[in-house]
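To find a chain, count down the sequence lines: A is the first, B the second, and so on, and within it residues start at 1. No experiment lies behind these values; they were computed from the predicted model shown.
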Protein chains: 2
Amino acid sequence: MPATLRDVAEYAQVSMRTVSNVVSGYTHVSERMRKHVLQAIDELGYRPNPVARTLRTGRTGMLAFVVPEIDVPYFSALARDVIDAAAEVGYRVMIDQTGHDHDHERDLLTGNDRTMLFDGILFSPLVTKAELLEMNSPTQMPLVLLGEHEFDGRYDHVAIDNVRAAYDAVRHLLDTGRTRVAAIGAQPLEEYATPQQRTVGYELALREVGIEPEQRYARPAAHYSRADGYGAAVELLALDVRPDAIFCFSDLLAMGAMRAVFDAGLSVPQDVAIIGIDNIEEGRFSRPSLSTISLDTSFIAEQAIARVTARIETPDLRPRQIVAPHTLRIRESTASIER
Amino acid sequence: MPATLRDVAEYAQVSMRTVSNVVSGYTHVSERMRKHVLQAIDELGYRPNPVARTLRTGRTGMLAFVVPEIDVPYFSALARDVIDAAAEVGYRVMIDQTGHDHDHERDLLTGNDRTMLFDGILFSPLVTKAELLEMNSPTQMPLVLLGEHEFDGRYDHVAIDNVRAAYDAVRHLLDTGRTRVAAIGAQPLEEYATPQQRTVGYELALREVGIEPEQRYARPAAHYSRADGYGAAVELLALDVRPDAIFCFSDLLAMGAMRAVFDAGLSVPQDVAIIGIDNIEEGRFSRPSLSTISLDTSFIAEQAIARVTARIETPDLRPRQIVAPHTLRIRESTASIER
DNA sequence: TTGTAAGCGTTATCAC
DNA sequence: GTGATAACGCTTACAA
C-alpha cells in the first residue's frame with residue numbers, strides 16, 4: 001500500500017493541508033515546517049496520486065495525439081515534435097492510433113470514447129469531409145485538427161497550403177524541363193480534402209505552362225505507403241507514353257515509386273524525375289536523395305500545442321486556421337538532365 | 001457542465017447504484033429499468049468520468065511505452081504493434097519519449113514522475129547496466145523491459161538473443177566470401193548491454209573462421225542514426241585496407257553507411273556488403289535493398305503486453321525472460337560477388 | 001501560517 | 001433488484 005497524504009500528515013503530526021501545501025509547491029509555509037514535512041514524505045516514500053489530483057482539479061495533464069498510423073515516418077516525426085512541444089508546457093502526450101478506423105475516430109470526436117483521460121486532442125484524421133460536417137454532437141474537448149480538411153470555422157486547424165505545396169512541387173518539375181508529369185496519391189473520390197487540394201495544385205501548375213492534365217497520369221493511392229507508391233509507379237511506367245516525372249503526394253509514395261523505376265530498368269532522375277511531400281529523413285539518405293516539399297513539423301507541433309492549451313484555459317476561443325510554411329527542397333531525384 | 005451519475009439518477013428517479021449498474025454492464029438489473037436508465041443517459045448526454053472511475057478502481061486502463069525517440073523506425077514500428085496488442089486487451093498506450101535523458105528514465109523507474117496515470121510500463125531504455133543495478137527504490141509499477149540489458153532476474157524482460165543475432169549477421173557476410181568485416185555501433189564503454197552483446201556475437205563469428213577482430217574495424221555510434229552510420233562508414237572507407245563488408249548494429253546505421261559508400265564512389269554490394277538489424281520497411285525499398293536481421297516486433301509487443309497485464313492482475317509474479325525469435329533476411333546489399 | 005472539512009464522480013458495501 | 005452511504009486521495013474555501 002502506497003502512503004497517502006493523510007499518512008504523511010499523521011506521521012508528521014501536521015494537517016493534510018500543510019502537507020498538500022508543501023507537495024504542490026509554493027504556498028506560504030515556514031522553512032522549518034517544509035523541511036519537517038519533506039522528511040516525513042521521504043521516510044514514508046510518499047508519492048502524490050495523480051488520479052486523485054486530477055479528479056479534484058479536472059486536469060489530467062495529458063493530451064491525445066491521434067493519427068492513422070504511428071509508424072508512418074511523417075507522423076512519427078510529427079509525434080516527436082508534438083511530444084517535445086507538449087513537454088515544454090507541462091503536458092504529456094498519449095498517442096492514439098486509429099488504424100484507418102473511422103468509427104474509432106468518430107468515437108473520439110463525439111466523446112463516445114470510454115477512456116478519455118486527457119485534456120485536449122490533436123487530431124490528424126482520416127475522416128471524410130462529409131463525416132466531419134455531419135458530426136452533430138461534437139465533444140466539448142478542446143480539439144485541434146492537423147493537416148487535413150478545409151477550414152470550416154468550427155475547429156482550430158493547423159496545416160500547410162496544400163494547393164500551393166503541390167503547385168510548387170510540380171512547377172519545379174516543369175522548370176527542370178519535364179513535360180509529362182504524372183501524380184500519385186490523387187483520390188478518385190472527393191471525400192478527402194488533402195489529396196483533392198494537392199490535385200488542384202498539380203493541375204494548376206500544368207495548365208499554367210499550357211499542359212492539359214491527363215487522366216491516365218493521375219494515379220490514386222489508398223494509404224500513401226511505399227507499397228502503394230510502388231504499385232502506382234509500375235502502372236505509370238507501363239503506359240505507351242511513359243511520364244518523365246512523377247509528383248508523389250507523400251515521400252513514402254515517392255520511395256516506393258523510385259524503387260519501381262529501378263526495377264523497370266530505368267533511372268532516377270535521368271528517365272523519370274521524382275518529387276515527394278513531407279521531407280522525411282529517409283529521403284536525405286536514399287539514392288538518389290529525394291526532392292521534396294518540406295513541412296515544418298516543429299512549427300506545426302508548436303502551433304497546435306499552443307492552440308490546444310490556450311483552448312484548455314479559455315474554451316470559448318474563436319477557432320483559427322493556422323497555415324504552416326513549406327519549402328521546396330531540391331535534391332538528386334529531380335536533377336536537371338543533359339539534353 | 002457535463003452530467004454526472006447523480007444527475008442521471010435524479011432525472012430517472014432511481015438511485016445512483018442502479019445507474020452505475022446499467023453503465024458498467026452486467027449486474028442484475030431488470031430490462032425495463034435498463035431501458036429507462038439508458039434513455040435518461042441519452043437525454044442528458046451523460047458520459048462516465050474515467051478519472052473518478054479510476055480513483056475508485058485504481059485502474060487507469062493506460063500503459064506507458066517508453067522509448068528514447070519515437071521517430072526511430074524500429075521504435076515506431078514497435079509502438080504500432082504495442083498499441084495494437086494493448087487495444088486487444090482493453091488498454092491504451094501513452095508514449096513517453098525520453099530523448100536520451102537518463103534522469104527522465106530514472107524518474108519513471110523510481111516512481112518520481114509526477115504524472116503517472118498508467119497501470120504499467122513497457123520500457124525500452126537507455127539506462128546503463130550500472131544505473132539499472134543501483135536503482136534502489138524501484139517503483140511498484142508493473143514493468144517490462146524491452147530489448148536491452150541482461151536479464152538480472154528483477155524485471156520481466158523481452159528481447160532477442162543479441163549475441164546470436166549479431167553472430168548470424170556476420171556469419172552470413174563471411175559465407176558470401178567477405179573477409180574484412182567491419183562493425184558500426186559498438187560502444188567503447190561497457191555501459192550498455194545491447195551493443196556489447198552484439199559485439200560479442202560479431203567477434204565470435206570472426207574467430208570461428210579464424211579471423212582475429214581488428215580494433216580499427218569496430219566503430220562506435222552514439223545514436224544508431226543514419227547520420228552516425230554515415231560518419232562511421234566514411235571513417236572505415238578511409239582506412240588503408242578498406243573493409244569489404246560492414247555489419248551495422250541497426251538498419252538505420254546501415255542506411256547511412258550505404259549512402260557513404262556511394263558518396264565514396266563505391267558500390268554495394270560489389271565493393272562493400274552491408275547488413276543491418278531491425279528489418280525496417282525502408283530497407284525493403286532502398287537500392288540496394290538491405291539485408292538484415294528481422295526482429296518479430298509483433299511477437300515482442302504481444303509478449304510484453306501479456307506480461308505486463310498479467311503482472312497488473314498478479315503483482316507478485318516471478319520475473320521472466322522471454323527471448324524473441326530473429327531471422328536472417330538476405331537481400332541485395334549482401335549479394336555474393338563474382339570473383 | 002496552519003487546521004478543518006467539504007467536495008470531485010465514481011464504485012462497493014451494506015442493508016432491505 | 002434496488003436504495004442509501006461510505007470510501008478512493010486529493011485540493012481548496014473557510015476558519016482560526
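- Across the protein-nucleic acid pair, L117(A) atom CG and dT10(C) atom C1' stand 13 Å apart, rounded to whole Å.
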### Evaluation steps, side chain to side chain donor-acceptor pair (under 3.5 Å), between R53(A) and N49(A)
CA-CA 6 Å; R53(A) 172 177 290 160; N49(A) 178 331; over 6 Å; no
### Query
Reading nucleotides 9-16 of chain D from the 5' end, what letters show protein touch, with B for base, S for backbone sugar-phosphate only, - for no heavy atom under 4.0 Å?
BBBBBB--
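- Contact annotation: T18(B) side-chain N/O to dG1(D) OP1/OP2 distance is not under 4.0 Å.
- When the P atom of dC8(C) is taken as reference, atom CG of D7(B) falls 10 Å away, rounded to whole Å.
- A donor-acceptor pair under 3.5 Å links the side-chain atoms of T309(B) to the main chain of A306(B), judged by distance alone.
- The side chain of T54(B) contributes no N or O atom lying less than 4.0 Å from OP1 or OP2 of dT10(C).
- A 4.5 Å side-chain heavy-atom check between I312(B) and Y91(B) finds at least one atom pair inside the cut-off.
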### Task
Show the numbers, then the answer: is there a side-chain contact (heavy atoms from CB on, under 4.5 Å) between I95(B) and F65(A)?
CA-CA 10 Å; I95(B) 294 187; F65(A) 179 53; over 6 Å; no
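- E10(A) has its CD atom 14 Å from the C1' atom of dG3(C), to the nearest Å.
- No hydrogens or angles considered: nothing links the side chains of D96(A) and T98(A) as a donor-acceptor pair under 3.5 Å.
- Here the side chains of L122(A) and I305(A) are in contact, with some heavy-atom distance below 4.5 Å.
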